[in-house]
Amino acid sequence: LGAGKDPSSALRLAIVLTLRKKKDPAVSHFLNDPDPMVVLEAARAIYDTPISESLPQLASLISRHDLPTGLMRRVLNANFRLSSTNAVQKIVSITSDQSVAMAIRLEALSILRSWHEPSGRDRITGLWRPVKPVLISQVAHVVQPVLTSLIQDPEPQVQQSAILLAGDLSLAISVDALTSLLRNHDNPPLHRQLAVTSLTKINPPKLLQILRTVIDDPQDSVRAIALRSLAKLQPREAVGPLRQILTSGSIANKQSALQTLGELSTDGADLILSEWMHKLLDQNVEKELYLDLLAASKKRPSHRLQKLVSDYESQQSSENLFDTYRETLWGGNENRGRDLFFNKISVSCMRCHRAENRGGTVGPDLAGIGEKRDRPYLLQSLITPNQHIAEGYGTTLITTVDGKVHTGIVRQENETMVQIVTVDAEVELIEKDTIDLREQGLSAMPDDLVKQLTKSEVRDLVEFLAKLKQ
């Protein structure tokens, strides 16, 4: 480490990289380096590798507010991984410090929300690295003194996270602040919706009284979510307002109302759903509601409703896969679809496809696909990918003279070589004089991908793809 004080930043950086490769805890000496790049690489070495012995030193940087976001996220998550009372206190102090960057305050709030039930996947690297949970009571005890001020924070995103935190930790101390926020119609609708959600989780003695004051709220999105909560407490009382939403509410709130009706334990729900199933058979229902109405009706034990569902399904071709997914063409949620595309591991869309300037390149770039293709085409591509294969993206099967089979998409070809890219994004070069057989294959997209998705998820993906414009 004698060269650790060398005036050359490049040399010090090289030392950090060497120590990282060796997993040497001595790399922590560079956390106080005058060059921010050297400090960042030292933090990456400690956190990403990981070098667990040096986590406390990395966590101790939390009092420094001059650190770049990438470094500060690792500092926060080092404290998260330590899971000590002191670490909880430090994370809470970050949430209420308005001089700290917004992204870092939100990261700190997110950590507090999940600390009692942490994901096994690392928040930075995405690798499987479980964290020791902290008792919810321990987190709640430290959060309580600052929660009300966080709910009233001038930054809307901090307010949102604080409202959710109150519900996740079931903090009764927040009930008055949440109720006040909910009753003020000047507050953003989303904040008021989240307040209803958190109050329902906390379940204070006056919850029913609070909900009854909101079911006639002028903001229909707030009214809809309040009705979902009321329906769990007083199912019969919720039926009338739910019927009203189906008559005059927005599409999103009608979808929510139908979902709630599907879960109500009352005959009134069956009556409303039967009326709407008759409308569906007469093709007198908004296309965005088809899936929600059918899903709600299928949940009900009513023989009459099941007969109406059967009558509808008999009009669709059971042998035509597209017909069985027709209800997913409209009514999806673009944001949920985006989350599925980028984050749902079982389908791994972004592994092969690029959208919104991120993702893989094995499959076609989907930029502007919503302008180039209609919804039926997008749905068909999801459920039967081999029906429409984009030019240049069909797989090629090459068998070489040694009996090996190479499968991938041809990216380049000349007189002597063929370059293919496999589904794992690996590049293979094959000499043409070693090729014994070359065949055109199917789409690189799995033909059973749709089996990994619910119909609701398919609908959300269609909505996301349809909204991808240039």
Side-chain angles (χ1 to χ4, degrees), residues 1 3-21 23-84 86-115 118-119 121-127 129 131 146 150 153-158 160-162 342-343 356-359:
L1 292 176
K5 296 182 180 180
D6 192 279
S8 171
S9 293
L11 177 58
R12 299 198 306 276
L13 185 60
I15 295 171
V16 168
L17 296 175
T18 300
L19 293 172
R20 174 176 182 167
K21 189 174 182 179
K23 296 186 178 182
D24 190 332
V27 73
S28 62
H29 291 292
F30 292 87
L31 290 173
N32 295 310
D33 194 275
D35 188 329
M37 284 302 301
V38 174
V39 178
L40 178 58
E41 284 304 323
R44 285 173 175 162
I46 294 168
Y47 191 89
D48 300 11
T49 306
I51 304 174
S52 300
E53 301 94 323
S54 297
L55 274 179
Q57 290 93 324
L58 178 59
S60 69
L61 298 183
I62 197 167
S63 59
R64 288 182 54 181
H65 295 172
D66 60 329
L67 303 178
T69 300
L71 174 53
M72 195 60 182
R73 286 190 68 219
R74 286 171 171 81
V75 172
L76 283 182
N77 281 279
N79 281 276
F80 178 44
R81 302 199 72 80
L82 292 176
S83 295
S84 64
N86 186 46
V88 176
Q89 292 170 340
K90 288 180 177 179
I91 294 289
V92 170
S93 70
I94 289 292
T95 66
S96 55
D97 189 339
Q98 295 183 19
S99 69
V100 175
M102 172 67 61
I104 298 305
R105 295 182 70 195
L106 294 176
E107 178 78 5
L109 283 162
S110 180
I111 287 173
L112 292 172
R113 289 184 58 201
S114 64
W115 220 331
S119 167
R121 292 205 173 275
D122 189 276
R123 298 174 61 89
I124 301 290
T125 66
L127 299 175
R129 291 170 59 191
V131 173
V146 301
L150 287 172
D153 195 271
E155 292 291 348
Q157 288 179 285
V158 171
Q160 291 173 22
S161 292
F342 289 112
N343 299 318
E356 298 182 340
N357 299 315
R358 53 187 172 134

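Numbering of residues begins at 1 and proceeds along the displayed sequence.
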Q) Sequence neighbours excluded, which residues qualify as side-chain hydrogen bond (donor to acceptor under 3.5 Å, both in side chains) partners of Thr49? A) Arg20
Q: Under the side chain to side chain contact (heavy atoms under 4.5 Å, CB included) rule, collect the residues that match up with Pro25, sequence neighbours excluded.
A: Ile51, Glu53, Ser54
Q. Tell me, do Ile46 and Leu31 make a side-chain contact under 4.5 Å, heavy atoms counted?
A. yes
Q. How long is the gap from OG on Ser8 to CD1 on Ile15, to the nearest 0.5 Å?
A. 9.0 Å
Q.
To check you understand the geometry: which heavy-atom pair defines the closest contact between Trp115 and Ser83, and what is its length?
A. NE1-OG, 3.3 Å
**Q.** Min side-chain heavy-atom separation Gln98-Arg105 under 4.5 Å
**A.** yes
Q) Excluding sequence neighbours, so at least two apart, what forms side chain to side chain contact (heavy atoms under 4.5 Å, CB included) with Gln89? A) Thr85, Asn86, Val142
Q) Is Leu58 close to Ser28 at the side-chain level, that is, under 4.5 Å between some pair of heavy atoms? A) no
**Q.** side-chain contact (heavy atoms from CB on, under 4.5 Å) between Leu13 and Phe30, intermediate numbers included
**A.** CA-CA 9 Å; Leu13 185 60; Phe30 292 87; over 6 Å; no
Q) Is a donor on one side and an acceptor on the other found under 3.5 Å between the side chain of Asp153 and the backbone of Val158? A) no
Q: Sequence neighbours left out, what passes side chain to side chain contact (heavy atoms under 4.5 Å, CB included) with Ser161? Give chain and number order.
A: Leu106, Leu109
**Q.** Set of side chain to side chain contact (heavy atoms under 4.5 Å, CB included) partners for Val39, sequence neighbours left out
**A.** Asp33, Leu71
Q | Where Pro154 and Pro156 come nearest, the two heavy atoms and their spacing | A | O-CD, 3.4 Å
(Q) Arg113: which residues meet the salt bridge (charged side-chain N to carboxylate O under 4.0 Å, His left out) condition with it, sequence neighbours left out? (A) Asp168
**Q.** Spacing of OG1 belonging to Thr95 relative to CG belonging to Leu150, to within rounding of 0.5 Å
**A.** 4.5 Å
**Q.** Shortest non-hydrogen contact between Ala45 and Val27, atoms and distance
**A.** CB-CG2, 4.1 Å
Q. What residues form a salt bridge (charged side-chain N to carboxylate O under 4.0 Å, His left out) with Arg129, not counting sequence neighbours?
A. Asp122
Q) Do the side chains of Met72 and Leu61 get nearer than 4.5 Å, heavy atoms only? A) no
Q: With sequence neighbours left out, write down each residue that passes ring pair (Phe, Tyr, Trp, His ring centres under 6.0 Å) with Tyr47, or none if nothing qualifies.
A: none
Q | Smallest separation among heavy atoms of Leu40 and Gly70, with atom names | A | CD1-C, 4.2 Å
Q | Close side-chain approach of Lys90 to Ile94, heavy-atom, < 4.5 Å | A | no
Q) Under the side-chain hydrogen bond (donor to acceptor under 3.5 Å, both in side chains) test, which residues partner Asp24, sequence neighbours left out? A) none
**Q.** Any pair counted as side-chain hydrogen bond (donor to acceptor under 3.5 Å, both in side chains), so long as it reaches residues 62-75, sequence neighbours left out
**A.** Asp48-Arg74, Arg64-Asp66
Q: Kindly indicate, with the supporting measurements, whether the criterion side-chain contact (heavy atoms from CB on, under 4.5 Å) is fulfilled by Phe342 and Glu356.
A: CA-CA 10 Å; Phe342 289 112; Glu356 298 182 340; 3.7 Å; yes
Q: Could you list the residues that satisfy side-chain hydrogen bond (donor to acceptor under 3.5 Å, both in side chains) with Glu107, not counting sequence neighbours?
A: Asn77, Arg123
(Q) For Ser9, give me all partners under side-chain hydrogen bond (donor to acceptor under 3.5 Å, both in side chains), at least two apart in sequence or on another chain. (A) Arg12, Asp35
